[in-house]
*Asks:* 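Take this structure first; my questions come after.
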Amino acid sequence: MSRKSKPPIALYSALADTTRCRILEILKVAPTPVHVLTEAFSISRPAISRHLRVLKSAGLVAEVKKGRENVYAFRPAKLDAARTWLETIRSSEVLADEVVEEAPATVVLGAPVAPKPARAPKKKPDASAEKPLKETAPAPAPAAPSTSQMGFDF
């Protein structure tokens, strides 16, 4: 992936929260001070300030000091980076559709994997059995399920 088509992660992270999206909807109308934004939510002013800090670091919001107030304004031009990246990804969609249509019929993307058949429970040897038991090597311990670095099972 070239530097030009790098996804704007900070922007998407900022947009991934409903409170921050609502703040942008309010700021779209007009630049607004923090205390007015706080009135529109049921969360504290410091929480609103933290959301504004995330939006500001993503470049979606500009902060202007007017006297003792901090007024925040929406910067819609910063969404162009996301739009450009999405269009780049979308233009490659045609290629992906062609590859999927040409794939052999035995390959189905996204198909569920068939579960393994269940094992029958082992029978415990009967203590009254007259045959001597064979010594067998202990069974290996089951492997821990694989997890990604993020801690999610895939």
Side-chain angles (χ1 to χ4, degrees), residues 1-122 137-154:
M1 192 178 281
S2 71
R3 284 191 180 272
K4 204 167 204 172
S5 64
K6 186 176 177 184
I9 302 300
L11 188 106
Y12 292 125
S13 295
L15 294 173
D17 184 84
T18 55
T19 301
R20 290 191 285 266
C21 288
R22 180 68 184 123
I23 288 172
L24 290 178
E25 290 172 353
I26 293 169
L27 294 178
K28 180 180 74 169
V29 176
T32 309
V34 178
H35 71 275
V36 174
L37 285 172
T38 304
E39 294 170 1
F41 297 94
S42 62
I43 58 177
S44 67
R45 185 173 177 166
I48 294 293
S49 294
R50 283 191 292 273
H51 284 294
L52 286 167
R53 191 177 319 127
V54 171
L55 291 167
K56 186 178 171 186
S57 68
L60 291 169
V61 168
E63 177 183 17
V64 178
K65 291 192 181 257
K66 288 192 176 180
R68 293 178 54 184
E69 288 185 328
N70 292 338
V71 178
Y72 291 88
F74 177 46
R75 298 173 67 190
K78 293 297 179 175
L79 291 173
D80 290 341
R83 185 179 305 124
T84 302
W85 186 78
L86 286 172
E87 287 300 320
T88 303
I89 297 299
R90 188 164 191 231
S91 67
S92 66
E93 179 181 327
V94 175
L95 297 174
D97 287 343
E98 291 172 6
V99 170
V100 171
E101 289 175 5
E102 294 174 6
T106 57
V107 177
V108 179
L109 300 177
V113 177
K116 293 182 180 179
R119 288 185 171 179
K122 292 184 179 181
S146 65
T147 57
S148 71
Q149 292 178 346
M150 298 296 292
F152 300 113
D153 294 338
F154 291 108

*Asks:* Decide yes or no on side-chain contact (heavy atoms from CB on, under 4.5 Å) for Ile26 and Tyr72, but give the supporting numbers first.
*Replies:* CA-CA 10 Å; Ile26 293 169; Tyr72 291 88; over 6 Å; no
*Asks:* Report yes if the side chains of Val61 and Leu24 come closer than 4.5 Å at any heavy-atom pair, otherwise no.
*Replies:* yes
*Asks:* Show the nearest heavy-atom pair for residues Ala82 and Tyr12, with the distance to one decimal.
*Replies:* O-OH, 3.2 Å
*Asks:* Which distance, rounded to the nearest 0.5 Å, do you find between the OG1 of Thr18 and the CD1 of Ile23?
*Replies:* 10.0 Å
*Asks:* Quick check: do Leu60 and Arg75 have side-chain heavy atoms less than 4.5 Å from each other?
*Replies:* no
*Asks:* Quick one: pull up CG in Leu27 and CZ in Arg20 and give me the separation to the nearest 0.5 Å.
*Replies:* 13.5 Å
*Asks:* Before giving the answer on side-chain contact (heavy atoms from CB on, under 4.5 Å), spell out for Val34 and Ser49 the whole-Å C-alpha distance, their side-chain angles and the decisive distance to 0.1 Å.
*Replies:* CA-CA 7 Å; Val34 178; Ser49 294; 4.1 Å; yes
*Asks:* Could you tell me if the side chain of His51 sits less than 4.5 Å from the side chain of Leu37, heavy atoms only?
*Replies:* no
*Asks:* Starting at CZ of Arg53, measure out to CD of Glu63 and round the result to the nearest 0.5 Å.
*Replies:* 10.0 Å
*Asks:* Please give me the minimum heavy-atom distance between Val54 and Ser57, naming the atom from each residue.
*Replies:* O-OG, 2.9 Å
*Asks:* Please list all pairs meeting side-chain hydrogen bond (donor to acceptor under 3.5 Å, both in side chains) that have one or both residues in residues 27-42, counting only residues at least two apart or in different chains.
*Replies:* His35-Glu69
*Asks:* Report the distance from atom OG1 of Thr19 to atom CD1 of Ile43, rounding to the nearest 0.5 Å.
*Replies:* 5.0 Å
*Asks:* Which pair of heavy atoms, one from Ile48 and one from Phe41, lies closest together, and at what distance?
*Replies:* CD1-CD1, 3.5 Å
*Asks:* State, to 0.1 Å, how close Ala58 and Ala10 come at their nearest heavy-atom pair, and which atoms those are.
*Replies:* CB-O, 3.6 Å
